[in-house]
**Q** 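The structure that follows is given in the form of structure tokens.
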There are 2 protein chains.
Amino acid sequence: MITVGIVEDNTLFREGLERLLADTPGMRCACACGSAEEALHRIPRLQPDVVLMDLHLPNRSGIECTAGLTQQMPNLKVVVLTIYEDTMTLFKALQAGAIGYLLKRAKPEHIVDAIREVRRGGAPMTSEIARKVVAAFHQPIAPRSAAHNLSRREREILDLLARGFANKEIAQHLSLSVETVRVHLRHVYDKLHVRSRTQAVAEFMGLHNNRPPEN
Amino acid sequence: MITVGIVEDNTLFREGLERLLADTPGMRCACACGSAEEALHRIPRLQPDVVLMDLHLPNRSGIECTAGLTQQMPNLKVVVLTIYEDTMTLFKALQAGAIGYLLKRAKPEHIVDAIREVRRGGAPMTSEIARKVVAAFHQPIAPRSAAHNLSRREREILDLLARGFANKEIAQHLSLSVETVRVHLRHVYDKLHVRSRTQAVAEFMGLHNNRPPEN
DNA sequence: CCTAAATTAACCCTTTCGGGTTATCCACGA
DNA sequence: TCGTGGATAACCCGAAAGGGTTAATTTAGG
């Protein structure tokens, strides 16, 4: 018997899911929550095996709800059930601890299959979602040239910048004058087409970590 | 018709795969390579749709072979077929550009299914592998994580900060006073134990990029 | 219900940053 | 050989950032 929690603000859809679970042998609906607050309150007490989580909730987003639940219950398996197909939402949900990601247009039997798949140790998701997840691991084949127009010294200084050092500290680290650091930074700003150290760091980090592309 | 390349040093297994493909309608074996060198030479010329890649090869590893092939042919879909189940090998293969990851103990029909799955836009892998991939995205459940003590508003502002916006711009984006933004930022600095926006961004980025490094 | 935290906002003041400008030294290549 | 570009350094100045302080309102939780 697999116990399942539901978090879904849409009443019709929520009751549809309840009925689906009730009609499925081997599954039981532990609770059906209409809000993130309700979920954060009831689910830790009822300890279901799996949670079906909608992402579009009134106050807090389902992502935060997922994060809250998985932090309290590391063994809880959250399967996201949403209309959002964009990469950003997907990754935030996974980071929040979701273990599966389905679209609401999935057929009922696929949802049931997904719950069983979770129990078998899997991570249910559609083909397209899986492809996106895997693609996030691929190293960018051709690192953009933007950061490569930088000279050695400029890269070195940008690197220290990204570690949060002030110009003064960078100057000390490299045994340079603060003025020189400023000159290098100006060149970096020119080449990266930014106007502030924070923008430069954002740009630099964006190229140096394999995070999902924006949207 | 899907054309498939094979890279596998074990002769028996390689020929077994060849026969499997030959016996499968809609698939054709473009080439069967016994070494990474042979693969790097022949596959770019034959341009198969999919490559089944063993990871245990004589000289270079199949991971390097995968990296070489995917760099030359960005559209090539490499499905790893290996005995290695460890997380490190998995991640390296994915980073090298692999799009699927199967274990050699997979049944022949599953291998055929996986090739079709790739063509349908998916990323074929076993349940356990998928679980590992998804788990890599989970944020380390750091209870002491300073970033989690941040309030909703503070996280929101930090996020805009990390995108390179100035206080003034953040204020406009959120319809707030610059002073309020400054207050929130001060709290952020306190909680992250930093003294400047750049340090805060560095900290934030460090926690919010989902790289699976740790060689 | 009441308190703690969050959110909003303003003031003053010092430090840091970023743009503009100028200048010297050195290495590399046409 | 001369010029280009990198690295070094200094000046002025306005804009932005950051610290200290105070305080109103709202929200959340015990």
**Q** Using the ring centroid of each side chain, check whether Phe137(A) and Phe137(B) are separated by less than 6.0 Å.
**A** yes
**Q** Is Asn167(B) near enough to dA17(D) that one of its side-chain N or O atoms lies under 4.0 angstrom from OP1 or OP2?
**A** yes
**Q** Any salt bridge linking Arg105(A) with Glu85(A)? Criterion: basic side-chain nitrogen under 4.0 Å from a carboxylate oxygen.
**A** yes
**Q** In terms of side-chain geometry, is the basic nitrogen of Arg119(B) or Asp49(B) positioned less than 4.0 Å from the acidic oxygen of its partner?
**A** yes
**Q** Using whole Å, report how far CD of Glu156(A) lies from C1' of dA7(D).
**A** 12 Å
**Q** Answer yes or no: is there an ion pair linking Glu8(A) with Lys104(A), defined by an N-O contact shorter than 4.0 Å?
**A** yes
**Q** Drop me the distance from Leu81(A)'s CG to Ile111(A)'s CD1, to the nearest 0.5 angstrom.
**A** 4.5 Å
**Q** In whole Å, what is the span from the OH atom of Tyr189(A) to the P atom of dG20(C)?
**A** 14 Å
**Q** Rounded to the nearest angstrom, tell me the gap between atom CD in Gln199(A) and atom C1' in dA16(D).
**A** 13 Å
**Q** Counting just side-chain N and O atoms, does Arg197(B) come under 4.0 Å of either OP1 or OP2 of dG18(D)?
**A** yes
**Q** dC17(C) P sits how many Å from Ile157(A) CD1, rounded?
**A** 13 Å
**Q** So, is Arg153(B) close to the dA6(C) phosphate, meaning a side-chain N or O under 4.0 Å from OP1 or OP2?
**A** no
**Q** Heavy atoms within less than 4.0 Å of DNA chain C: which residues of residues 173-187 of chain B have one? Give them sorted by number.
**A** Leu176(B), Ser177(B), Glu179(B), Thr180(B), Arg182(B), Val183(B), His184(B), His187(B)
**Q** Counting N and O atoms only, with roles assigned by atom type, does the side chain of Thr180(A) sit under 3.5 Å from a partner on the main chain of Leu176(A), one being a donor and the other an acceptor?
**A** no
**Q** Round to a whole Å and report the spacing from CD of Glu154(B) to C1' of dT27(D).
**A** 14 Å
**Q** In whole angstrom, give the distance that lies between atom CZ of Arg152(A) and atom C1' of dA27(C).
**A** 12 Å
**Q** Going by an N to O cut-off under 4.0 Å, is there a salt bridge joining Glu128(B) and Arg131(B)?
**A** no
**Q** Write down the distance between CD (Gln172(A)) and P (dT8(D)), rounded to a whole number of angstrom.
**A** 16 Å
**Q** Could you state the atom-to-atom distance from CG of Asp190(A) to C1' of dG20(C) in whole Å?
**A** 12 Å
